[in-house]
Chemist: 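This structure is in structure tokens; I'll ask about it shortly.
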Amino acid sequence: MKIKIDSNLKTLEVYATSKEVPQLAVGSKQKELMIYKFKNPVLLTDNARIAKLPALKRDAVIKLYEFPDRIVEYDGVSIHWAPILYPGVWAPSIDTIIFANAIRNHLIKTRDLKKIRSFLEIGTGSGFLSKYLLAKKKSLGDEMRLAHLTDINKDAIKSALDNIDSIGGSTLIYYTHTQKNARLSVSEQYDLVIANPPYIPRPGARKNNPYEGLFLYEEIIRNAKKLFHAESIFMTNLSSLSKPFIKPSLDKVFNLKTITTSHIPLKIPAITAGLSKESRDWIRYLKSKNILEEDKSERSGYRYWQTIEIVAGKKR
Ligand SMILES: C[S@@+](CC[C@H](N)C(=O)[O-])C[C@H]1O[C@@H](n2cnc3c(N)ncnc32)[C@H](O)[C@@H]1O
């Protein structure tokens, strides 16, 4: 299936791709068939909105989402992702797309991307954001000198490299498969550092899953002198779940401004469904810190919400 989000985040269209079309529209030979268009998306898979669709449309959309292959396209840049190829990798999600939109507003519309010759993406996941930067730089008639991607999941590195392969051009692509508890190790300064890091805190956080802990923010702060020169730009994602803990320390080191703010559901069933003692304790902890936005009526379609803020700035 293909999920296509428009550049201003106003619509999300879901398509069946050529192999899938006959399973949704008998006799159709279309290469791509749009199944539904959601307005003002808050998730890439919005179960609440899908459940409210008229029954026949709902069943077509659900059938579409059952196909394991996924192409995610935003602002003309797409990535192919499938759980069987890249197990456990953070697929492009709504926060990825909000981040790409912030890159568009902060670096592309302003043409500041022209000045950027090297970048580091810490925790690249599927590689969407790195590919977005490489593709947009190319469309300005230029290429990056260096792109450095890191992740603790070797399948994330694989996904990123597979997807970047077609547009790498003459850019030097480095990757680091970081060990789970390893400190951030850097050998040069970059014109741009981006990180959409794990951002859900809990006491004694594990450092081995894509959404948990504040470790990477702390490492970036610790390594700021090594990572950034005077003109380097840092862009990161602050969730309302992480912001109260980490923003004061970030502000000591960086002069950050908000590029984009979005209110989105917190949909991570491993935590939010409360199906284990550990997950229930975790939710209790987030509530005790008053950082979990809760819609007790569930009229919004989701119980828990967060505010995502993409910030950008330079070292002080
Ligand atoms: C929230 S996901 C974001 C992925 C991707 N950048 C995106 O926006 O779609 C966070 C990523 O950081 C990676 N990660 C977690 N701890 C890390 C570490 N210590 N070093 C490098 N990457 C890490 C995870 O494996 C995951 O891919």
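Computed over heavy atoms, backbone and side chain alike; hydrogens, waters and symmetry mates excluded. As the structure lists them, so they are numbered: ligands from 1, and atoms in each ligand from 1.
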Chemist: Which bit of L129 is near ligand 1, meaning a heavy atom under 4.0 Å away: side chain, backbone, both or neither?
Modeler: side chain
Chemist: Under 4.0 Å from a heavy atom of E121: give me the atoms of ligand 1 that qualify, with their elements.
Modeler: 6 (N)
Chemist: Which is closest to atom 13 (C) of ligand 1 by heavy-atom distance: I79, N153, D151, I122?
Modeler: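 Going through I79, N153, D151, I122 one by one, D151 has the nearest heavy atom to atom 13 (C) of ligand 1.
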Chemist: Polar-atom distance check: P198 versus ligand 1, any N or O pair below 3.5 Å?
Modeler: no
Chemist: Please determine if T96 has a nitrogen or oxygen closer than 3.5 Å to a nitrogen or oxygen of ligand 1.
Modeler: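 Indeed, backbone or side chain, T96 has an N or O that close.
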Chemist: Would you say F99 touches ligand 1, if touching means a heavy atom closer than 4.0 Å?
Modeler: no
Chemist: Compare D155, N196, I157 and give the one whose heavy atom is closest to atom 8 (O) of ligand 1.
Modeler: N196
Chemist: Check L184 against ligand 1 and report side chain, backbone, both or neither, counting heavy atoms closer than 4.0 Å.
Modeler: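 Looking at L184 and ligand 1, no heavy atom falls under 4.0 Å.
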Chemist: Hey, looking at atom 6 (N) of ligand 1, which of A91, A160, G123 has the closest heavy atom?
Modeler: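 Considering heavy atoms of A91, A160, G123, the nearest to atom 6 (N) of ligand 1 sits in G123.
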Chemist: Which atoms of ligand 1 are found less than 4.0 Å from any heavy atom of T150?
Modeler: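 Per the distance check, 21 (C).
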Chemist: Using the ring-ring contact (aromatic ring centres under 6.0 Å, His included) criterion, which residues pair with F38? Sequence neighbours excluded.
Modeler: Y36
Chemist: Which residue pairs pass the salt bridge (charged side-chain N to carboxylate O under 4.0 Å, His left out) test with at least one member in residues 162-179, sequence neighbours excluded?
Modeler: K158-D162
Chemist: Go through ligand 1 atom by atom and flag the ones less than 4.0 Å from a non-hydrogen atom of F215.
Modeler: 19 (N)
Chemist: Closest by any non-hydrogen atom to atom 16 (N) of ligand 1: pick that one out of I152, N237, I98, I200.
Modeler: I152
Chemist: With a 4.0 Å cut-off on heavy atoms, is E219 in contact with ligand 1?
Modeler: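 Heavy atoms of E219 never come under 4.0 Å of ligand 1.
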